[in-house]
Colleague: 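I have a structure I would like to understand better, so I am pasting it below and will then ask my questions one at a time.
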Amino acid sequence: MRKQYKEKISDYRTWDQIGHAEEYMLFPNNFGMDMSLDETCLSNGEVYTILTNKAAHGGKGTLAAMIRGVSSDTVVEALREVPYEIRRGVRTVTTDLSSAMMLTVRRAFPKAMLINDRFHVQQLVSEAIDQMRIGLRWEVLAEENKAIKEHRAKRKAAHTRAEKDLIGEWVPERMENGETKPQIMARSRHIILMHRSKWNTQQQERARILFRMFPRLEQAYNIYLELVDIFNRRSLPEEARLNLARWYNKVEAFGDDGFNKVIETFENHNASIVNYFEDRLTNASAESFNAKIKAFRTQFRGVGDVKFFMFRLATLYS
């Protein structure tokens, strides 16, 4: 049936983009005022840049372009096949913090306002906190290994069975919730990557123990929550710029190398980050469309025939 559909029932063989579908697909009629730029991996590490129209809400007319590779030169060259008058009609384009994607937007859509997705901005900070957690976890594991080594040395030094029985077997220290310190450190990853309002009772107890052991980690987490609150607040761009400047000062005063690198990134892209507060547009629609492509790929059990896969995508979403 699949072969019959491909060769006879569908219009695949007469498709006007079959000659270059493996390299790029363009649908100028799907270019709108508000667009999203993202990337996805089809198979065998092949990465494609995807341009989608927010107004289509993931349905017919969503897919505007799909181009093999992420190099700005490659993507821009393909996008310039679309008439300039259509491209200049694009008002906004949302992207992640990829420098290549931002350069692509500036070169291919000269009139568009570039917006960095707020969730990628927040993710950068949460990853810096997670790096702190990982460093502290190694310290906790080192302390436990040292304690085990010392305990074994004591048992080895014991001269009689009675002395060994008195020393006993190694028992790790357990906290109030029944978990050991290494377990708390390992299971805290999801806690510090989400807002405290979403914690369940078990996570709240774990977080209380974690932050009691490492107050500096709690301080870093609170700094992250302040950034989330800035994005959640209905602020005008100028007010948001001031709030972010104050937040930068707090991060600098915190004095962590990972956070300082985050601030450097923020300062380099300050204008495109603040642009979010104009219309509060995000890249969520692009992420959702990316998930649809992955689900579609799963149905095919991978992508063996790239051109036919592209045709199916175009049929559904262009």
Side-chain angles (χ1 to χ4, degrees), residues 117-233 247 250-263 284 287-288 290-291 294-295 298:
D117 178 52
R118 62 165 286 185
F119 298 109
H120 283 88
V121 173
Q122 292 172 196
Q123 183 182 17
L124 201 62
V125 181
S126 63
E127 287 174 353
I129 300 174
D130 195 41
Q131 287 301 312
M132 288 185 63
R133 178 195 65 84
I134 292 171
L136 293 170
R137 183 187 177 193
W138 286 117
E139 291 180 12
V140 168
L141 287 172
E143 289 176 3
E144 185 178 82
N145 289 334
K146 181 181 178 182
I148 292 173
K149 188 176 181 180
E150 290 175 351
H151 182 270
R152 286 176 177 172
K154 285 182 180 179
R155 283 181 60 86
K156 190 175 182 180
H159 299 291
T160 65
R161 169 61 64 180
E163 289 180 353
K164 286 187 177 182
D165 290 342
L166 186 62
I167 295 172
E169 298 294 332
W170 161 255
V171 178
E173 180 185 2
R174 294 193 176 273
M175 312 308 288
E176 304 94 293
N177 63 348
E179 297 175 334
T180 64
K181 287 184 178 181
Q183 286 175 333
I184 287 177
M185 297 305 298
R187 296 169 184 173
S188 296
R189 179 177 183 272
H190 297 294
I191 292 177
I192 62 176
L193 296 181
M194 68 171 69
H195 198 279
R196 65 169 75 246
S197 61
K198 298 180 180 179
W199 293 345
N200 58 35
T201 304
Q202 185 183 51
Q203 290 171 330
Q204 290 174 4
E205 178 66 11
R206 188 177 294 138
R208 185 185 64 79
I209 298 170
L210 175 71
F211 292 150
R212 186 188 66 206
M213 292 191 299
F214 304 105
R216 188 168 169 79
L217 189 61
E218 182 178 19
Q219 188 180 353
Y221 180 73
N222 288 332
I223 289 174
Y224 163 69
L225 291 187
E226 288 183 30
L227 178 66
V228 175
D229 290 340
I230 290 173
F231 279 110
N232 287 340
R233 204 173 300 149
W247 184 81
K250 288 186 178 180
V251 174
E252 289 175 354
F254 183 61
D256 178 78
D257 289 340
F259 273 74
N260 288 337
K261 290 183 175 64
V262 170
I263 289 299
E287 298 292 339
S288 175
N290 198 345
K294 290 177 180 178
T298 301

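Nothing here was measured: the structure is a model prediction, and the numbers come from that model.
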Colleague: Ignoring hydrogens, what is the shortest heavy-atom contact between Y224 and L193? Give both atom names and the distance.
Modeller: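 Heavy-atom minimum between the residues: OH-O, 4.2 Å.
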
Colleague: Return a table of donor-acceptor pairs under 3.5 angstrom between the side chains of residues 144-153 and protein atoms on other chains or two or more places apart.
Modeller:
from: N145; atom 1: ND2; to: L141; atom 2: O; distance (Å): 3.2
from: H151; atom 1: NE2; to: G168; atom 2: O; distance (Å): 2.9

Colleague: Excluding sequence neighbours, so at least two apart, what forms side-chain hydrogen bond (donor to acceptor under 3.5 Å, both in side chains) with R196?
Modeller: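 In terms of side-chain hydrogen bond (donor to acceptor under 3.5 Å, both in side chains), with neighbours along the sequence ignored, R196 is linked to N222.
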
Colleague: K261: which residues meet the side chain to side chain contact (heavy atoms under 4.5 Å, CB included) condition with it, sequence neighbours left out?
Modeller: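 K261: side chain to side chain contact (heavy atoms under 4.5 Å, CB included) contacts with D257.
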
Colleague: Rounded to the nearest 0.5 Å, what separates atom CG in N177 from atom CD in Q183?
Modeller: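 Interatomic distance, N177 CG to Q183 CD, rounded to 0.5 Å: 8.5 Å.
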
Colleague: Any side-chain heavy atom of I263 within less than 4.5 Å of one from F254?
Modeller: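 In short, these two side chains do not touch, never coming nearer than 4.5 Å.
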
Colleague: Test of understanding: with ring pair (Phe, Tyr, Trp, His ring centres under 6.0 Å), list the residues that count as partners of F211, not counting sequence neighbours.
Modeller: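 Here the qualifying residues are Y221.
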
Colleague: When you compare the side chain of E173 with that of E143, does any pair of heavy atoms fall below 4.5 Å?
Modeller: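 No, their side chains stay 4.5 Å or more apart.
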
Colleague: What do the steps show when you test E179 against I209 for side-chain contact (heavy atoms from CB on, under 4.5 Å), and what is the final call?
Modeller: CA-CA 10 Å; E179 297 175 334; I209 298 170; over 6 Å; no

Colleague: Could you tell me if the side chain of E169 sits less than 4.5 Å from the side chain of R155, heavy atoms only?
Modeller: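 Side-chain contact under 4.5 Å: yes.
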
Colleague: Looking at H195, I'd like to know if its NE2 atom is crowded, meaning that more than 12 non-hydrogen atoms belonging to other residues, nucleotides or ligands lie closer than 6.0 Å.
Modeller: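 Above 12, so yes.
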
Colleague: Looking at every non-hydrogen atom in both residues, tell me the closest pair between W247 and I230 and how far apart they are.
Modeller: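 What the structure gives for the nearest pair is CB-CD1, 3.9 Å.
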
Colleague: At their closest point, which heavy atom of N260 faces which heavy atom of G255, and how far apart are they?
Modeller: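 For N260 versus G255, the nearest heavy atoms are ND2-C, 4.4 Å.
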
Colleague: Do R118 and V228 come close enough that some side-chain heavy atom pair is under 4.5 Å?
Modeller: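 They are in contact (side-chain heavy atoms under 4.5 Å apart), so the answer is yes.
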
Colleague: Set out, in order, the CA-CA distance, both residues' side-chain angles and the distance that settles side-chain contact (heavy atoms from CB on, under 4.5 Å) for E287 and H120, then state yes or no.
Modeller: CA-CA 11 Å; E287 298 292 339; H120 283 88; 3.2 Å; yes

Colleague: To the closest 0.5 Å, what do you measure between CZ (R187) and CG (L210)?
Modeller: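 These two atoms lie 13.5 Å from each other.
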
Colleague: On a heavy-atom basis, which atom in M213 and which in I184 lie closest, and how many Å separate them?
Modeller: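 Heavy atoms only, the tightest pair is CE-CG2, 4.1 Å.
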
Colleague: Scan side-chain atoms only and decide if N200 and Q202 contain a donor-acceptor pair under the 3.5 Å cut-off.
Modeller: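 Short answer, no.
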
Colleague: What pair of heavy atoms forms the shortest contact from Q122 to L227, and how long is it?
Modeller: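 That closest heavy-atom pairing would be CA-CD2, 4.3 Å.
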
Colleague: Nearest 0.5 Å, what's the CD-CZ distance between E176 and R208?
Modeller: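 So the CD of E176 and the CZ of R208 are separated by 5.0 Å.
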
Colleague: May I have the list of side-chain donor-acceptor pairs in residues 158-165 shorter than 3.5 Å, sequence neighbours left out?
Modeller:
from: T160; atom 1: OG1; to: E163; atom 2: N; distance (Å): 3.2
from: E163; atom 1: OE1; to: H159; atom 2: N; distance (Å): 2.7

Colleague: How far does CG of L124 sit from CZ of F119, to the nearest 0.5 angstrom?
Modeller: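 Answer rounded to 0.5 Å: 15.0 Å.
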
Colleague: I'd like a table of donor-acceptor pairs (distance under 3.5 Å, sequence neighbours excluded) in which one partner is a side-chain atom from residues 127-140, with atom names and distances.
Modeller:
from: E127; atom 1: OE2; to: Q123; atom 2: NE2; distance (Å): 3.4
from: D130; atom 1: OD1; to: R133; atom 2: NE; distance (Å): 2.7
from: D130; atom 1: OD1; to: R133; atom 2: NH2; distance (Å): 3.0
from: R133; atom 1: NH1; to: M185; atom 2: O; distance (Å): 2.8

